[in-house]
Student: 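What follows is a structure written as structure tokens; I'll ask about it next.
To find a chain, count down the sequence lines: A is the first, B the second, and so on, and within it residues start at 1. Just so we're clear, the structure is a prediction, and the values are computed from it rather than from any experiment.
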Amino acid sequence: STLDPNATAGGGIIVTYKDDVATLDPAIGYDWQNWSMIKSIFDGLMDYAPGTTDLVPGLAESYTISDDGQVFTFTLRPGVKFHNGREMTAEDVVYSLNRVTNPATQSPGAGFFGSIKGYDAVADGSASSLEGVHSDGPLSVTIELSRPDATFLHVLALNFASVVPEEAVAAAGEDFGKHPVGTGAFSLGEWTIGQRLVFEKNADYWRAGLPYLDSITFEVGQEPIVALLRLQNGEVDIPGDGIPPAKFREVMDDPAQAARVVEGGQLHTGYITLNTQMAPFDNVKVRQAVNMAINKDRIIQVINGRAVSATQPLPPSMPGYTDNYAGYAFDADAAKSLLAEAGFADGFETELYVMNTDPNPRIAQAIQQDLSGIGVSVSIKSLAQASVIAAGGEADQAPMIWSGGMAWIADFPDASNFYGPILGCSGAVQGGWNWSWYCNEELDAMATKADSVTDPAKADERLQMWSDVYMAVMEDAPWVPVFNEQRYTMKSERMGGADALYVDPVSIPVNYDYVYVNDVQ
Amino acid sequence: MFSFLIRRLLQSLLILLGVSMITFVLLYWLPADPVRQIAGRSATAQTVQNIREQLGLDQPLVVQYWRYLGNLLQGDLGRSYLQRTEVSTLIMSRLPASLLLMAGAIFAELLIGLSMGVVAALRRGSRTDQVLMIVSFVGVSAPQFVVGLLLLYVFAVQLHWFPIGGYGTFSHLVLPALTMGILGSGWYSRMMRSSMVDVLRQDFVRTARAKGLTRRRIILRHALPNAILPVIAMIGIDVGIFMGGIVVVESVFGWPGIGQLAWQAIQRVDIPIIMGVTLVSATAIVIGNLVADVISLMVDPRIKIR
Amino acid sequence: MIGAAEKPSGAYAPDAAPVLQVSNLTVSVNTEAGLKSLIRNISFSLNPGETLAIAGESGSGKSITSLAIMGLLPPPVVRVTEGQICLNETDLLTLPETRMRDIRGNRIAMIFQEPMTSLNPVMTIGAQLSEAIMAHDPIGRREAHTRSLEALTAVRMSQPEKRMSQFPHELSGGMRQRVMIAMALALRPDVLIADEPTTALDVTVQREVLELLRDLQRDLGTAMILITHDMGVVAEMADRVIVMQSGQMVEEGNVKQLFQAPKEDYTKALLASVPRMGDGSGAQEGGKAGASIAEIRNLKVRFDVRGGIFGRVTHRVHAVENVNFDIHAGETFALVGESGCGKSTIAKALAGLVPYTGQVRISGSEIHSLTRAEAKAIRRDVQMIFQDPMASLDPRMRVGDLVAEPLVIHKIGTVAERSERVAMLFDRVGLSAAQMERYPHEFSGGQRQRICIARALALQPKLIIADESVSALDVSVQAKVLELMRELTEEMGVAYLFISHDMAVVENISDRVAVMYLGQIVEMGCRAQVFGNPQHAYTRRLIAAVPVPDPTYERPAGLRLAGDIPSPMRRLEDAPKLAKLVDIGEGHLVAMQD
Amino acid sequence: MSIVTTPDLANSDTASPKRQSALARLLQRRLAVFGFALILLTVLGAVFAPWLTPYSPYEQMFDGLTIEGAPMPPSSTFLLGTDLLGRDLLTRILYGARTSLIIGVAANGMALIIGTLIGVTAGYFRGWVGGMLMRMTDLMMAFPALLLAICLAAIFQPSLWIVAMVIATVNWVQTARVLYSETSSLAEREFIAAERTLGAGHMRILFKHILPHLVPTIIVWGTLGISTTVLLEATLSFLGVGVQPPVASWGNIIFENQTYFQAAPWLVFFPSLAIVVLALAFNLVGDALRDVLDPTQRGRN
Ligand SMILES: Nc1ncnc2c1ncn2[C@@H]1O[C@H](COP(=O)(O)OP(=O)(O)OP(=O)(O)O)[C@@H](O)[C@H]1O
Ligand SMILES: Nc1ncnc2c1ncn2[C@@H]1O[C@H](COP(=O)(O)OP(=O)(O)OP(=O)(O)O)[C@@H](O)[C@H]1O
Ligand SMILES: [Mg+2]
Ligand SMILES: [Mg+2]
């Protein structure tokens, strides 16, 4: 990574959020709000170049992969220090991986490490450490997999794979999430629960010259609309929750304010799941008809054009996206005749589950209107997030779910990330996240095969395989991909740094380590 | 007095026990699984099962409740499922703000409501009276979110009299307290008006006049303390009503109180937090009623302690 | 300071310049129909040290007159439209409110009728007294306290020090009225207006308060306007009398002249309707005793008082202890005694309103042993009339419906029959059937009590319990109601249990009398026995306390009572001593005294 | 026996006032008529909504949104503007009146009935029945009402009538409290004792003598409860446990659009106005009704 020649070091910024920060424990934190914060406090072996989806080594200086793609050997960067002053070693890496996979940690990300040898034994409690992970000397770590996994380097760039110091974890016990100690660009200074967190610059940070900012203050409990008013008043630098829909037009219609908005894509798809095990969605024609009945442009209009219409599960910026695929075009007449073919000439009644925060109920109503156009009468169940998730996890409860608010933002920028839990057989279990209960053994096999292609030279081949998988999925139409949300980050006048940092695909809202302010002397 | 307090405290404890029991049962019935929330979307069935066992959520309801109660007696409200923090820490860090807001709101609504009520009673039947009563009615009927945003927009954004949300100084408190107070002041002004009208008709007010006291003294020293008595009991009920409004007002003004905590917890079925907040607000309500009782006991010498 | 002998004894000095001069006073009320005068052309003067009584029946404008003098008429509806009120040359009506405020309480003070409600319930006695003093004298809190204490001592309050920190509800009615008097006299006003100062009090307490007022007035030389409808009080207290009727002065004169030779018809009628002790002409002696309708044996009523953490019974009110008596058909049996002695409780026990032990036999059947339906039927024989007719009629029902209620409850007759019966009852008690459509508040007190009687009669009971049924009424109205009751006894043979604290009334109406004290009967016998030959000290005291409507009557001295009546509330283990009644001849029972 | 004549009010007007129905007397009051008219207007608007507006409440019109997706301000096509989905706001307010009237009248009514039943029973009978009922009320009062509502509504799948039931179950508490103390002091009044001596049964006393006296209080709480319940329904909708979209209610129109109070004030202003006006109308009628039903207030208008 190179330093920004225009950057000036120093100063602090204020970021606001509505919700309190849940935890800063990298093994636990799994919402978009604390994701980027944890990223700034901790580092993993792998990382992404700022503002891109390009993998780069992080705490690992270099790595080698065996020919069969199952053994990874990492050489660690020397002289990296934890915030508590101790130097990081290979043992810490081993400890961290053991910790995140240990059931006692209750990490929601443990499953990502499933390909490491010995994972199953740790998961079922019969072993306390991963067989495949060991250190060979203070700066060298070997990780052995039980099967080839093309995404494994991405997994190591996940927050869950962050390196944590054992003694700090032991000292804080269950409260590690409130007293995080990592190797990252910032350390946690102050945390007044319910009010504010202050991140302070890590002077010993191993990336020389970074971070630019002396401090970041996160003020929580701020209604987005109030946060924006404060931004307009010069009191806030970045409203973490983005521009509230109610203010979007006002901001964008004012050139001065619009100039401070950075727009970018994100690894997100909003979709409707059609429960393939519930009638009448067990009929593929019905599912296809529904796909054709949705007027995606209208839905995008309803959310003020803050998205682009989607044709397939993968978002356009994701490697593996099928460019020349038109998807199911909006055609109510075709949909009707397809429905008639399926024996539902008079339509049918069904339910659409949706999370109850704006704009999701509105989108659901737009969907409802579209479907009534082909004779399908939908009643909306607008519920709390937890209730929708619970309903989706039952085989026979939710015929349709609009994914908004709980939607899939990729954990890492790889095509495989949109398949496993949400479209694969493994997710189609009680309590799983495959809400369309779509299970196609053949595709599962294809997916496994694609992920065992670990040779970087064959990357294109692998992506083609994924593209085929998703095309096949679209053929079966368990989903209606509706749109890919765009990101709009608004910043204050004084904020500097490349625009890409403000729409960093893995750090929402911004990549804190690289941004700076212009008004420090 | 002492035995009265003890008796009321015992009663309050029973009420709290009842509240905890009902909440527990209700939450158990909720069609949402907290474990899936914790486990996240990449979790395997194995992980989910592990977490369920670790949290004891696979036990029968009675066992779970019994355990909860046992911990509660040791002052342990459990750990938040999603924040992984002691619920007591979370609540304690937010409670002062909520209490401050509540105190501010009660002050605001008493000040506004009582003075409106008194003025209306003194001018009863006049135009002022009618206008005040309509104003109070609008106060009762207007949605709090809208009132809050309007106040914020006018007094903070446009006029810069107060900060735009936040917590810390007195000027931060004014708008949120006012927003919450407007609703209550509507109620109080109506109650105070009728109470005051009654009292002004009483014989002892005539006696006070016959003594040659000034009008001011008659109103403040004689009429007001008597008229306020029925209103005091209302303050106890009021605390309960606040708990509803606090969610909205705290979120509008970025006030770091337990309302926001509760709101987040409900959305995510973070049962320990919901339980904790419920118990705390029930305690607040119970204490509110107790305080109201004790105050009326102190203000009104006629109330016999039974 | 008060009561110190520094002032010459303020005997009535007729030729001194009047301290208060009221001339041509007219007070009007603003109504929709325009100004309507409440009092017209009232003129009188009040000399220093004099006691002027204003007498007249309810609604005649007595209070309005006094409020006009105080400048306390409720503005803007009621105001003085004509006339002058001069206090030593100053015309009070032209004074601005601030000046008037200086005069109120300072130079003119007032005592109100209702001692129960005239004091602020949430302020201590001391604070209310000091406040009055400090409002006019620029003195400190401490000095005001001392003076308040002196004032309380001057009104012969027991334990004045303790009273200072007590609240009104902790004092009895008599004590409260003393506080009012202390408050009024603390600043030694030139004029004291006492508006029915004793009407709400027991006879014995009334006696004390009247004596107190007289003593203080004599000592301080204050001129007093005494407003009352009780001619007995007038006779005892006043130097001069004004009689008012319908807002006008009917007659004015020296008290002796007025009583001996009333000029106006109205005055004569008023004097005639005053019940007098010793002329029980209305009732014939004995001879009427028919079958006994109610037999009361060993009646006990106790109320538990709970306390402590677990609300255990700690005390018990022995409201009625071991009471025995019979009531015979057609007779009027009277219960007399001071407030709180248990009279109403006996009535309630008879009417089935409180649980009791002992036997109550009505028409021969013991109520306890009956089924509910039977008890309901037997209760038809006993009906009750309460003290306050307004309070005992549902204010939201039409009086016709109210009178028809008992018929409806006991499912008697058809709708048409019922309304016919109600009309008949209305007629019987002297009301017109046209008034059936009205609501209770649209009637006068006397009319309301007639409605209550009509209602009690609806079921043709054998016994009517009249609990203080005429105490709240004007003398003239009272006389009419008593007359009605007497007629009913003769016509229908109804027996009465007549409860009253007014010995004069009791003597006028009753056949037999029982005197109660602290829940027990201390003396019982026929009227002649009890009034003619009172044996128990308590009975004598009651009789002696009654004001005599004769200005020439000389009250025997030395019968001053000490302290308040003891409380019937006792600790659990502390049962009261039972009085033993001894027959001293011809059924005249008297409790043994030690 | 005596010639004393009292000039008393009762005798001065010889003709007794004719029995006039409460309604007739109500209609003599200007404000009450005004309130009545407003309520009637609302009801008619709700009932005849399909004939009053050319649009459907659910129709998301293409020209109801700008190209950028912003709602249309009031104009001659859309009298009160459109909402965020391009639906006609007037139409939604008219149809929403149905929901809000049901909530405001039925749910609030149910709450009043429950509160009255419990308060009156406890206040009249005392004893252990009363004790139990009041302890239950205390318990309910200690419960954060919103939480209870959320749980109940989430357990029973939300629908209009479930929401109404839920609102009723959490809203009766204050009424019960107030009526309890009022009833227990009424029960001490002498006229009740008088009724008992006549042999009146409990039911008769309760319905003929106690209930009529509670009417003013019930009316006050009932009218105040209208806006409270309508807003509670809105809060529930907002929390996702209220009336389900696309069904309109005044409350959920406000809540859906509350953040747009600056960008599209009509979306918040008109439904709020509707709530306030309806509540005020009920209040006007309630106040008048209270006076009309109180015979002691007769002629003091
Ligand atoms: N505020 C008022 N408005 C209209 N009429 C009034 C008002 N106050 C008193 N009155 C009327 O004035 C008349 C005289 O009343 P006042 O109180 O002086 O009678 P009173 O002689 O003191 O009777 P009582 O013995 O009952 O106290 C009554 O007919 C009463 O109804
Ligand atoms: N429900 C009750 N609970 C406790 N004590 C009571 C109750 N009712 C009456 N008492 C007490 O019983 C005693 C007798 O009361 P009761 O009403 O019979 O007196 P009374 O002779 O009728 O007096 P009054 O002349 O004031 O009507 C009083 O001391 C009273 O305080
Ligand atoms: Mg980092
Ligand atoms: Mg009077």
Student: After noting the C-alpha distance and the side-chain angles of His213(D) and Phe191(D), does the key distance pass the ring-ring contact (aromatic ring centres under 6.0 Å, His included) rule?
Tutor: CA-CA 12 Å; His213(D) 287 260; Phe191(D) 69 88; 5.0 Å; yes
Student: Are Gln245(C) and Ser60(C) linked by a side-chain donor-acceptor pair shorter than 3.5 Å?
Tutor: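 Side chains of Gln245(C) and Ser60(C): no pair found under 3.5 Å.
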Student: Salt bridge between Glu405(C) and Lys208(D), side-chain N to carboxylate O under 4.0 Å?
Tutor: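 So Glu405(C) does not pair with Lys208(D) through a salt bridge.
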Student: Counting only non-hydrogen atoms closer than 4.5 Å, does Leu402(C) touch chain D with its backbone (N, CA, C, O), its side chain (CB onward), both, or neither?
Tutor: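 Side chain only.
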Student: Check each atom of Leu393(C) against the heavy atoms of chain D and say whether the ones under 4.5 Å are side chain, backbone, both or neither.
Tutor: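 Leu393(C) touches chain D through backbone heavy atoms alone.
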Student: Please rank Leu353(C), Ile385(C), Ile465(C) by heavy-atom pairs under 4.5 Å with chain D and give me the top one.
Tutor: Leu353(C)
Student: Heavy atoms only, distances under 4.5 angstrom: which of Ala351(C), Gly352(C), Pro406(C), Ala391(C) has the most pairs with chain D? Name it, please.
Tutor: Ala391(C)
Student: Looking at every heavy atom in both Arg196(D) and Ala187(D), which two are closest together, and how far apart are they?
Tutor: NH2-O, 4.4 Å
